[in-house]
J.: 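My questions will all concern the structure given below.
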Amino acid sequence: VSKKLSQLVTSVSPCHDYVDAPVSGGVRGATDATLTFMVGCSSSETFSTIQPLLQRMGKGIIPCGGSGSGSAVKLCNNAALAAQMLGICEAMNLGDALGVDPATLAGVMNVSTAKCWSSEVNNPHPAAAIAIGSGASANGYEGGFGTALMLKDLNLAVDAGEEEGLALPVAGMSRDLYRMANLHGYGKKDFGVILQFLKGIK
């Protein structure tokens, strides 16, 4: 639900409240009922009404503003996440080339300034993910957030930036890389599979 769509629907049907509540937290968050919901709705009363329903599925129920704001926050989050994952993929790939043990490299990252969700929870290197005990790469990149889905969000984010007259060079570059990975058949794999794509084009 974009802000423009919300405004259009509200103008046609002003007696109804419209809510967008995209999620973050991945497959693990859904399984553990620890998802974060980014909620866009028209009033605090509407938020209070839907909050108990969302709390059955997640831990973080965050009001983000009017209708469409939840989707906007989700796009911003995923634009940052895509770039974050690419950085970890490049670092893990470089570590392999330099003969560094993947689990050791991930262990150092996760107590250092490179620590992030893509290194600690969903590390794209299978050996590191197995050592950590978390991550779709440990399962052949199955069961995570698909590359095609990340590409969809990056397309939306870059398009939104263009509508607002913003330059999003990192998001644009991320989109190009995920588009190439998708075209090479990685679309259904977790987006950390970009590591394997990078290994194939060195």
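Quick caveat: nothing in here was measured; it's all calculated off a predicted structure.
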J.: Residues two or more places apart in sequence or in another chain: which of them pass salt bridge (Lys or Arg N to Asp or Glu O under 4.0 Å) with D96?
T.: K199
J.: Quick check: do M38 and C76 have side-chain heavy atoms less than 4.5 Å from each other?
T.: no
J.: Verify the cluster assignment for L151 and L183: are they in a single hydrophobic cluster under the rule of side-chain heavy atoms below 4.5 Å apart?
T.: no
J.: Provide the closest heavy-atom pair for P63 versus F47 in the form atom of the first, atom of the second, distance.
T.: CD-CZ, 3.7 Å
J.: Enter the distance from N93:CG to L98:CG here, rounded to the nearest 0.5 Å.
T.: 10.0 Å
J.: Quick one: does any side-chain atom of D20 pair with a main-chain N or O of G68 as donor and acceptor, under 3.5 Å?
T.: yes
J.: Indicate yes or no for a side-chain donor-acceptor contact from T34 to the backbone of K59 under 3.5 Å, with no hydrogens or angles considered.
T.: no
J.: Please enumerate all residues that pass side-chain contact (heavy atoms from CB on, under 4.5 Å) together with A114, with sequence neighbours excluded.
T.: M109
J.: So which atom in C89 and which in L198 form the shortest heavy-atom distance, rounded to 0.1 Å?
T.: CB-CD1, 4.0 Å
J.: Decide yes or no for N122 and M85: does some side-chain heavy atom of the first lie under 4.5 Å from some side-chain heavy atom of the second?
T.: yes
J.: Please name the pair of heavy atoms, one in C64 and one in S69, separated by the smallest distance, quoted to 0.1 Å.
T.: O-CB, 3.4 Å
J.: Taking side-chain contact (heavy atoms from CB on, under 4.5 Å) as the definition, give me every residue that meets it alongside T46, ordered by chain and number, with sequence neighbours left out.
T.: D17, V19, C41, S42, S43
J.: Among pairs that include at least one residue of residues 115-141, which meet salt bridge (Lys or Arg N to Asp or Glu O under 4.0 Å), considering only residues two or more places apart or in two chains?
T.: K115-E120
J.: Strictly by salt bridge (Lys or Arg N to Asp or Glu O under 4.0 Å), give each pair with a member in residues 39-48 just once, sequence neighbours left out.
T.: none
J.: Please step through side-chain contact (heavy atoms from CB on, under 4.5 Å) for the pair V39 and L54, ending with a clear verdict.
T.: CA-CA 10 Å; V39 183; L54 300 180; 3.7 Å; yes
J.: Could you measure the distance from the CD1 atom of I130 to the OG atom of S137? Nearest 0.5 Å is fine.
T.: 7.5 Å
J.: Is any side-chain heavy atom of F37 less than 4.5 Å from a side-chain heavy atom of L35?
T.: yes
J.: Is there a path of hydrophobic side-chain contacts, each under 4.5 Å between heavy atoms of I/L/V/M/F/W/Y residues, joining W117 to L75?
T.: no
J.: How far apart are the closest heavy atoms of A181 and I194, and which atoms are they?
T.: CB-CD1, 3.7 Å
J.: The criterion is side chain to side chain donor-acceptor pair (under 3.5 Å); which residues satisfy it with Q84, sequence neighbours excluded?
T.: S118
J.: What residues form a side chain to side chain donor-acceptor pair (under 3.5 Å) with S174, not counting sequence neighbours?
T.: none
J.: Decide whether Y186 and L86 are clustered together by the hydrophobic rule: side chain heavy atoms of Ile, Leu, Val, Met, Phe, Trp, Tyr closer than 4.5 Å, transitively.
T.: yes
J.: Flag the pair I88 / C116 as yes when at least one side-chain heavy-atom distance between them is below 4.5 Å, and no otherwise.
T.: yes
J.: Quick test of your reading: applying side chain to side chain donor-acceptor pair (under 3.5 Å), list the pairs with at least one residue in residues 144-158, sequence neighbours left out, ordered by first then second residue.
T.: N78-D153
J.: Parallel, tilted or perpendicular: which one describes the rings of F145 and F191, with boundaries at 30° and 60°?
T.: perpendicular
J.: Any pair with a residue in residues 86-95 that passes salt bridge (Lys or Arg N to Asp or Glu O under 4.0 Å), sequence neighbours left out, goes on the list, sorted by first then second residue, please.
T.: none
J.: Name all residues meeting the side chain to side chain donor-acceptor pair (under 3.5 Å) criterion together with T49; count only those two or more places apart in sequence or in a different chain, and write none if there are none.
T.: none
J.: Excluding sequence neighbours, so at least two apart, what forms side chain to side chain donor-acceptor pair (under 3.5 Å) with S119?
T.: N110
J.: Given S24, which of N77, L81, V73 fulfils the side-chain contact (heavy atoms from CB on, under 4.5 Å) condition?
T.: N77
J.: Using the rule that Ile, Leu, Val, Met, Phe, Trp and Tyr join whenever any side-chain heavy atoms are under 4.5 Å apart, tell me whether V158 and L166 fall into a single cluster.
T.: no
J.: Verify the cluster assignment for L177 and L168: are they in a single hydrophobic cluster under the rule of side-chain heavy atoms below 4.5 Å apart?
T.: no
J.: If you take all heavy atoms of M180 and H184, which pair is closest and at what distance?
T.: O-ND1, 2.8 Å
J.: May I have all residue pairs that pass salt bridge (Lys or Arg N to Asp or Glu O under 4.0 Å) and include part of residues 174-189, sequence neighbours excluded?
T.: E142-K189, D176-R179
J.: So, for A91 and L105, which heavy atoms are closest and what is the spacing to 0.1 Å?
T.: O-CD2, 3.6 Å
J.: With a 3.5 Å distance limit and no angle check, can you tell me whether N139 reaches the backbone of Y141 through a side-chain donor-acceptor pair?
T.: no
